[in-house]
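Here is the structure we will look at.
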Amino acid sequence: MSAELLARRDRVLGAGAPLFYTTPLHLVRGEGVYLYDPDGRRYVDMYNNVPCVGHANPAVVEAMARQQGTLNVHSRYLHEGILEFAERLVGLHGPNVESVVVSCSGTEAIEVALRMARVATGRQGIVCTNATYHGNSEAVGKLTRLAVGQNASPEVRSFPFPETYRPIVEGASEAELCDAYLARLEEAIRSLQASPEGFAGLILCSILANEGLPDIPSGFMARAAEMARAAGGVVIADEVQAGYCRTGTWWGYTVTGYTPDIVVTGKPMGNGLPLAATAASKALVDGFRARTRYFNTFASSPLQAAVGLAVIDYIEREKLADSVAAVGAHLEAGLDARAPAYGFIGDVRGCGLFLGVEIVHDDGARTPDPERAVAIVDALKDRGFLTSNAGAFRNVLKFRPPLVFRQEHADAFLAAFDDVLAAQA
Ligand code: PMP
């Protein structure tokens with residue numbers, strides 16, 4: 001069955017369309033945190049942040065069906081739904097976020113943010129980290145894992161992402177390390193300022209998710225934002241992964257301690273319905289609208305609004321921010337408790353229900369071990385727990401379940417994790 005599906009997939013989707021796991025998984029149904037294969041085997045989803053309020057959430061399904069059965073049109077008509085949704089969304093931020101441009105994917109929303117920063121400043125240059133991913137379009141893809149100093153496109157510069165586990169300076173205090181990373185950021189900004197492109201803005205995932213969720217030297221994000229603004233740039237927070245209570249609070253920027261000018265959200269917003277947004281001050285959004293006349297066929301529709309509202313309602317009604325904080329702390333404590341017994345666990349880190357475990361060679365040099373990470377991910381899948389490996393070296397076990405993941409799921413996982421770790425030792 002799987003072999004036949006794989007052959008069909010190669011034929012109609014083209015060879016090379018990515019798949020998870022050494023033996024790919026065939027899924028037919030989902031409910032809450034659970035996913036099921038054709039034989040009825042149940043897996044606990046510990047990876048997917050899109051179905052944030054759970055697979056097949058009845059409140060979302062009902063909102064979607066009701067709206068699709070009533071009216072769904074593009075955004076060039078008056079409709080209260082999108083206004084209510086936009087008001088609720090901007091109300092979740094501080095007073096500097098007033099207006100929103102809605103789109104259908106993280107990539108689109110990031111692209112809107114880049115254009116907004118460029119319109120506002122009249123300059124083109126963007127600074128990002130050297131191991132990031134913000135999307136797959138030609139413009140946004142220019143930011144993907146751009147080695148420092150590799151100026152593949154004149155309008156982008158990268159700097160080494162800040163971290164304490166494999167720091168750019170060994171033996172430095174956290175404050176010295178923070179200064180060292182800020183100096184590298186400053187270099188990137190200066191390089192753009194000295195070029196015809198100029199400096200338009202700094203873009204950061206608020207928790208550096210694709211970089212591998214590192215512990216960031218304390219104070220870095222606030223000082224980086226300050227530096228970018230002092231240089232005349234706009235600060236863009238990519239909250240596509242960090243946002244929507246993933247960290248136990250609505251926004252990752254609250255956890256890492258800075259205030260962005262533009263906030264981009266995506267993945268969890270529609271619980272699977274394509275929905276993304278770029279939120280900012282009214283002045284930034286007005287400037288963007290005036291210059292671009294932006295229109296996006298499927299965006300800002302009554303359907304997106306109804307589903308987006310149902311998701312926010314559910315998160316608030318079920319107090320998922322609090323439960324994420326509590327269950328995440330419980331899961332992290334369980335991982336922390338196991339780490340010292342295994343030389344190949346280099347680090348446990350993260351926040352809320354977004355945790356990472358560094359798998360390294362037991363050589364005292366923190367050498368990444370992506371092969372062992374893959375073996376652990378495969379073994380967990382065989383025991384009914386779906387995770388993946390990520391980060392700059394693909395050696396970080398990534399735990400990022402739907403927000404409705406509860407303590408009993410965490411405990412069941414930790415028991416399975418014990419078996420997998422023991423088999424690896
Ligand atoms: N930003 C971040 C931090 C992401 O992780 C991703 C997707 N993995 C994107 C943006 C792009 O989102 P999308 O795939 O919806 O275009």
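Indexing begins at 1, ligand by ligand and atom by atom, following the structure's order. The residues of the chain are indexed from 1 along the displayed sequence.
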Legend entry - Minimum heavy-atom distance between Ala231 and Arg123, given as atom pair plus value: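 Taking every non-hydrogen atom into account, O-NH2, 4.5 Å.
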Inset, instruction - Taking all non-hydrogen atoms of both residues into account, name the closest pair between Val53 and Val311 and its distance. - result: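 Taking every non-hydrogen atom into account, CG1-O, 4.2 Å.
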Inset, instruction - Using the six-membered ring of Phe159, assess whether NZ or CZ of Arg184 lies under 6.0 Å from its centre and within 45 degrees of the ring axis. - result: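 Ring-cation test returns no.
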Legend entry - N or O pair under 3.5 Å between Gly106 and ligand 1: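 Among all N and O atoms of Gly106, at least one is under 3.5 Å from an N or O of ligand 1.
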Closest protein heavy atom to [atom], given as residue, atom name and distance to 0.1 Å:
{"atom": "atom 10 (C) of ligand 1", "result": "His134 O, 3.1 Å"}
{"atom": "atom 16 (O) of ligand 1", "result": "Thr107 OG1, 2.5 Å"}
{"atom": "atom 3 (C) of ligand 1", "result": "Asp238 OD2, 3.3 Å"}

Inset, instruction - Take every heavy atom of Lys267, measure it against each atom of ligand 1, and state whether any distance is under 4.0 Å. - result: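 Checking ligand 1 against Lys267, which is what was asked, there is a heavy-atom contact under 4.0 Å.
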Inset, instruction - Look at the aromatic rings of Trp251 and Tyr253 and report parallel, tilted or perpendicular, splitting at 30° and 60°. - result: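 Taking Tyr253 first and then Trp251, their aromatic rings lie parallel (interplane angle under 30°).
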Inset, instruction - Decide yes or no for Cys351 and Ile207: does some side-chain heavy atom of the first lie under 4.5 Å from some side-chain heavy atom of the second? - result: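 The answer is no, as the side chains (C-beta and beyond) never meet within the 4.5 Å cut-off.
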Legend entry - Any Tyr165 side-chain heavy atom under 4.5 Å of Glu358 side chain: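 In short, these two side chains touch, coming nearer than 4.5 Å.
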Just which atoms of ligand 1 are under 4.0 Å from any heavy atom in [X]?
{"X": "Gln241", "result": "3 (C), 5 (O)"}
{"X": "Asn210", "result": "2 (C), 3 (C), 4 (C), 5 (O)"}
{"X": "Ser105", "result": "15 (O), 16 (O)"}
{"X": "Val240", "result": "1 (N), 2 (C), 4 (C), 6 (C), 9 (C), 10 (C)"}

Inset, instruction - Applying side chain to side chain donor-acceptor pair (under 3.5 Å), run through Thr265 and Glu239 and close with a yes or a no. - result: CA-CA 5 Å; Thr265 43; Glu239 292 271 341; over 6 Å; no
Inset, instruction - Check each heavy atom of Asn136 against ligand 1 and say whether those closer than 4.0 Å belong to the side chain, the backbone, both or neither. - result: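 Asn136 to ligand 1: no contact under 4.0 Å from either part.
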